[in-house]
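Working notes for the structure below.
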Amino acid sequence: MNERIAVLLVVLLLELLGGLGLRNEATAARGRIEVTRRCKDECTLRINFCTSLFNEVTSPANLQRELDRRKQQQEINNLPQL
């Protein structure tokens, strides 16, 4: 009878420790998921910013402005020196 109680107590202790370990692992897994999600969100924001900046820089109006500026600079450089 004492053996049976001892075995049951050991099993109970193992289940308790196993349950606590699983609970801790679940909490740690949730933390890792949250870190990954935040990293993904930050990367998405950076991608969106870079895309909008690229679209702004390469828009036809900005490209034409840059071509006009370069043309004006060449004309200034080609003026005779006084």
Side-chain angles (χ1 to χ4, degrees):
M1 190 68 154
N2 286 338
E3 280 183 27
R4 192 178 243 178
I5 293 174
V7 169
L8 289 175
L9 286 175
V10 169
V11 169
L12 179 66
L13 182 64
L14 290 176
E15 282 186 17
L16 179 66
L17 291 176
L20 291 176
L22 291 176
R23 187 178 305 143
N24 288 339
E25 180 56 33
T27 303
R30 280 190 220 111
R32 289 190 297 270
I33 290 169
E34 182 65 21
V35 167
T36 304
R37 187 192 62 79
R38 287 183 185 174
C39 181
K40 179 192 149 292
D41 289 345
E42 188 173 330
C43 290
T44 302
L45 287 174
R46 287 181 183 176
I47 288 170
N48 291 339
F49 172 75
C50 290
T51 302
S52 66
L53 186 63
F54 174 78
N55 289 337
E56 184 177 330
V57 168
T58 59
S59 70
N62 283 335
L63 289 176
Q64 186 61 44
R65 188 179 308 124
E66 180 63 22
L67 290 173
D68 292 343
R69 187 190 66 76
R70 288 183 184 183
K71 184 178 178 182
Q72 184 181 20
Q73 187 65 38
Q74 284 178 348
E75 289 173 356
I76 290 172
N77 290 339
N78 290 337
L79 287 175
Q81 295 293 328
L82 298 177

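Throughout, numbering of the chain's residues begins at 1 and tracks the sequence.
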Can you name the side-chain hydrogen bond (donor to acceptor under 3.5 Å, both in side chains) partners of N2, sequence neighbours left out? none
Within the supplied structure, the quantity of interest is the number of heavy atoms (other residues, nucleotides, ligands) at a distance under 6.0 Å from Q72 CD; does it exceed 12? no
Please identify each residue that fulfils side chain to side chain contact (heavy atoms under 4.5 Å, CB included) with T51, with sequence neighbours left out. I47, N55
Please name all residues satisfying side chain to side chain contact (heavy atoms under 4.5 Å, CB included) with E34, sequence neighbours left out, ordered by chain then number. R37, R38
Connected to L9, directly or through other members, by ILVMFWY side-chain contacts below 4.5 Å are I5
Counterpart residues, side-chain hydrogen bond (donor to acceptor under 3.5 Å, both in side chains), relative to E42 (two or more places apart): R46
Go through the structure and list residues passing side chain to side chain contact (heavy atoms under 4.5 Å, CB included) with T36, not counting sequence neighbours. none
With rounding to the nearest 0.5 Å, note down the distance linking CG in N78 to CD in Q73. 10.0 Å
Listed partners of Q64 passing side-chain hydrogen bond (donor to acceptor under 3.5 Å, both in side chains), at least two apart: D68
By the salt bridge (charged side-chain N to carboxylate O under 4.0 Å, His left out) test, which pairs, at least two apart or in different chains, include something from residues 48-62? none
Nearest-0.5 Å distance, CG of residue L53 to OG1 of residue T58: 9.0 Å
Please give me the minimum heavy-atom distance between V57 and N62, naming the atom from each residue. O-CB, 3.6 Å
So, using side chain to side chain contact (heavy atoms under 4.5 Å, CB included) as the criterion, who are the partners of R70 when residues are at least two apart? E66
Residues that R4 engages under side-chain hydrogen bond (donor to acceptor under 3.5 Å, both in side chains), provided they are two or more places apart: none
